[in-house]
Asker: 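Just passing along the structure, written as C-alpha cells.
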Amino acid sequence: MSDEMENLPAQPGIADFDAIIVGAGFAGMYMLHRLRELGLSVRVYETGEGVGGTWYWNRYPGARCDVESLEYQYGFSDEIQRDWTWRERYATQPEILRYQNYVADRLDLRRDIQFETRVSAAIYDERAGLWTVETDRGERTNTRFCIMATGCLSAARVPDFIGLDDFEGQWYHTGDWPHEGVDFTQKRVGVIGTGSSGIQSIPLVAEQAAHLTAFQRTANFTLPAGNRPLTSDEVARSRETLLDDRKRARTTPGGIIAFEYNETLVDDMTPEERDRELDSRWHKGGFAFLGAYADLMATHEANHHAAEYARTEMRKVIENPEIADILMPDDHPVGVKRLCLDTGYLETFNASHVDVVDVRASPIERITPRGIVSGGKEYEVDCIVFATGFDAMTGALTSIDIAGRGGVKLKEKWAAGPRTYLGLGSAGFPNLFFITGPGSPSVLSNMIVSIEQHVDWIGECIGRLTSGNVRSIEATAEAEDLWVAHVNELADMTLFPQANSWYMGANIPGKPHVFMPYPGGVGVYGEKLAEVAAADYAGFALNA
Ligand code: FAD
Ligand code: N01
C-alpha cells in the first residue's frame, strides 16, 4: 500500500471519492476500469494482498475453471485478449491469476486499489447523501457511490465442529489456501466435503498422501471435464471472434456459447435419440450435458433419465461396488446442485490408500487432537482439508455492517432471505450497487459474462446520474417485492428448490432456505436490464 493511501480524512458531508468499490476480483477490477473511463475518482478496497478474488484465495491443488477458458475471460477489450494465450480447455488457478495480474498491469489498476484492507462497515448519511466506508485499518472515507464487488463465493466457511481448536495436525480450507502450497507427502489426510472443490482436489492430494479419507455428506453428480491442451487453431479462431462471441453469450441462458440447448422435450424423443444426446454430451465434457433436452431441469420424470445415465457412467469407473454405492448420488436430481466436472475423481477411489466415509449415515461428531470422529470411530489424520464451501451469495455482504436510510441494517432486512431489485440494489440503500447480487443470474451463469453485464449497466447508470441532476438512485419497495416474487415463481417452475444446495442457503445451519439466483437466464435478464434503463430506471426512485 502506498503511503498517500493511508489515513484519509473523512470530513462530514464531503466526498473523498466519487465511488468506492469493495473487492478486486474480476468484478471489482472491471468496475474500476469503467468508472475511471467516466473520469470519476475511485478507491477499491481489497482484503487480499493482490487482485484476483476467487483465484487469489482458492489455490488448492487441482483448482481450475469449469467454464471453458476461451469463454472464462473478459470480453470487453479486444486488445487485452489478443495478447493473452490460454493453454488448456479449462485453465488452472495459477494461469487465471496470472491473467488477472496481466489485466491489472495493462490497465494500471493497482494504483487505485488499497490491498490488505477489509471493509467493515458502510453507513449511509442521508443528509449528505454519502456513504461512509470504514475499514479494519480504522479508516473512514466518504463516497457518493458504493459498489459491492465482494463475490458470491468469497466467504469461506469451516463448519463449527467441536474440538477443532484441539486438533494437533494442520488444517486448511480450500477457499483460503496457503500461498506457499502444502506438501502432503507421507501424510494421512482427511478431506471433508465433496462439492466441486473436494472433487477437484482429492485426486491431486491423493497422489501425494500416504492415506486419504474423504468424508462425504452428499454424493455429487460429476462428469469427466475432458480437459486437454487447446490447439493453436482454436486460440487463433477465438481471438477473431471473442467480441462477437461475448455479445452472443449475453443472449444465451447461461452466458456460455459452447452450451447448446436442445429445445426438444424428452417425451418427443425416442429413447434412442435421448440416450444418443446424453451420451454425446457426457463424452464431450462440460455443462452441456444439462441441455440434452428442454425439460431436463423442469420435471422429475425428465430429469430421472439424465440422472440414471450419469449414475451408470459414474459406476463404470469405480471398481469396488460398495464404494460405488457410497459415491452414487441418489438424493437429488442431476443439476440442482452444481454439476461437478472432474479429472480422475472417481478413479481415485480405486487406489488402496483412498477411502470414503459416508457422513450422511454417520455425521461427523467431533474433531479430536488426532483425527475425525464419525459413527463412533476415530479416523486418525495428520491434516484436514475443509472443502466445505462458502456462505454463498450473501455471506460477504452481510459480514459488512451495511446501514442504509434510517439506519436500517442490510443484514436485518435480509434476515428471512436476500431482497433485491434485479440483484443490483435494495430498497432503503441509495447509491449502493451489488455486482452479481442475489436475484441476478450470477452463479447460474458464466460469471464473467454476468459481471460484465452488471458492470456495464452500473457504469452507464452512474454516468447518467453524474452528468444529470440526480443525487441518488434507489430501488423502490414495490419493484423489489415484485422482483423477489418473480424470482421465486421462476425457481418454483424448476427442480432447483428441491435440493439442499448452497443456491438455497441450505449448507449453512440457520440460513433461510430461499433460492437466491435468478433462474430466468442471462439473455432474458439482459433484456429486462435494458428495458429498465431505457424507461429512466423504472422501478428505481431517482432523487434530485
Ligand atoms: P471474487 O472473485 O470472489 O472477488 C471478491 C473479492 O472481494 C475477494 O477478493 C474478497 O477478498 C473481496 N472482499 C470481499 N469482502 C470484502 C470486504 N469486506 N472488504 C474488502 N474486500 C472484500 N465461475 C464461473 O463462471 N466459471 C468458473 O469456472 C468458476 N470457477 C470457480 C472456481 C472456484 C474454485 C470458485 C470458488 C468459484 C468459481 N467460479 C466460477 C465463481 C467465481 O467466484 C466467479 O467466476 C468470479 O471469479 C467472481 O468474481 P468476483 O469479482 O465477483 O468475486
Ligand atoms: O463447496 P460446496 P465447494 N459436514 O458447498 C460438505 C464453485 N467452484 O467449495 O452437499 C460434512 O459445493 C457439503 O455437503 P452437502 C462452484 O460454483 C467451482 O466445493 O452440503 N460435510 C459439500 O459436499 C461450486 O458449486 C469449481 O451435504 C459438509 C461440501 O462440503 C462452489 O464454488 C471448483 C459439512 C461443500 O461443497 C462451491 O464449491 C470449486 C459438514 N458440516 C468451486 N458442511 C470449479 O470446478 C459442508 N459439507 C470451477
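Order of listing sets the numbers, starting from 1, for every ligand and every atom in it.
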Asker: Please state which protein non-hydrogen atom is closest to atom 14 (O) of ligand 2 and give its distance, to 0.1 Å?
Answerer: R217 NE, 3.6 Å

Asker: Just need the protein heavy atom nearest to atom 35 (C) of ligand 2, so name the residue and atom and give the distance.
Answerer: A387 O, 3.2 Å

Asker: List ligand 1 atoms under 4.0 Å from I400, heavy atoms only on the residue side.
Answerer: 18 (N)

Asker: Between R64 and E88, is there a side-chain N and carboxylate O pair less than 4.0 Å apart?
Answerer: yes

Asker: If you have a sec, work out which protein heavy atom is nearest atom 1 (O) of ligand 2 and how many Å separate them, to one decimal?
Answerer: G389 CA, 3.2 Å

Asker: Using heavy-atom distances, let me know which of F215, Y72, W502 sits nearest atom 31 (C) of ligand 2.
Answerer: W502

Asker: Could you check, using the six-membered ring where one of them is a Trp, whether Y99 and W86 have ring centers closer than 6.0 angstrom?
Answerer: yes

Asker: Looking at D66 and R338, is there a salt bridge between them, counting it only when a charged N and a carboxylate O are closer than 4.0 Å?
Answerer: yes

Asker: Using a 4.0 Å cutoff against the non-hydrogen atoms of R64, which atoms of ligand 2 qualify?
Answerer: 44 (C), 45 (O), 48 (C)

Asker: If you measure from each heavy atom of Y60 to ligand 2, is any distance below 4.0 Å?
Answerer: yes

Asker: Any idea which atoms of ligand 2 are less than 4.0 Å away from a heavy-atom of R360?
Answerer: 27 (O)

Asker: Would you call D112 and R36 a salt bridge, taking side-chain N to carboxylate O under 4.0 Å as the test?
Answerer: yes

Asker: So if I count the atoms of ligand 2 from 1 in the order they appear, which ones are less than 4.0 Å from some heavy atom of K337?
Answerer: 10 (O), 15 (P)

Asker: May I ask you to check whether H173 and Y60 place their ring centres under 6.0 Å from each other?
Answerer: no

Asker: Has V443 got any heavy atom lying under 4.0 angstrom from an atom of ligand 2?
Answerer: no

Asker: For the residue pair R59 and W177, what are the closest heavy atoms and their distance?
Answerer: O-CD1, 3.2 Å

Asker: Ring-plane angle category for Y30 and Y74, please: parallel below 30°, perpendicular beyond 60°, tilted otherwise.
Answerer: tilted

Asker: Considering only non-hydrogen protein atoms, determine which one is nearest to atom 3 (P) of ligand 2 and report residue, atom name and distance to 0.1 Å.
Answerer: S197 OG, 3.3 Å

Asker: For Q216, is the nearest heavy atom under 4.0 Å from an atom of ligand 2?
Answerer: no

Asker: Considering heavy atoms of the protein only, find what lies nearest to atom 7 (C) of ligand 2 and give residue, atom and distance to 0.1 Å.
Answerer: L153 CD1, 3.8 Å

Asker: Under 4.0 Å from any heavy atom of F161, which atoms of ligand 2 are there?
Answerer: 4 (N), 40 (C), 41 (N)

Asker: Are F215 and V356 packed together at the side-chain level, in the sense that at least one heavy-atom pair is separated by less than 4.5 angstrom?
Answerer: no

Asker: Just so I know, are the side chains of D456 and R34 near enough to count as touching, which here means a heavy-atom distance under 4.5 Å?
Answerer: yes

Asker: Quick one: which ligand 2 atoms are inside 4.0 Å of a heavy atom on C65?
Answerer: 48 (C)

Asker: Identify which one of F221, F496, Y503 satisfies the ring-ring contact (aromatic ring centres under 6.0 Å, His included) criterion when paired with H332.
Answerer: F221

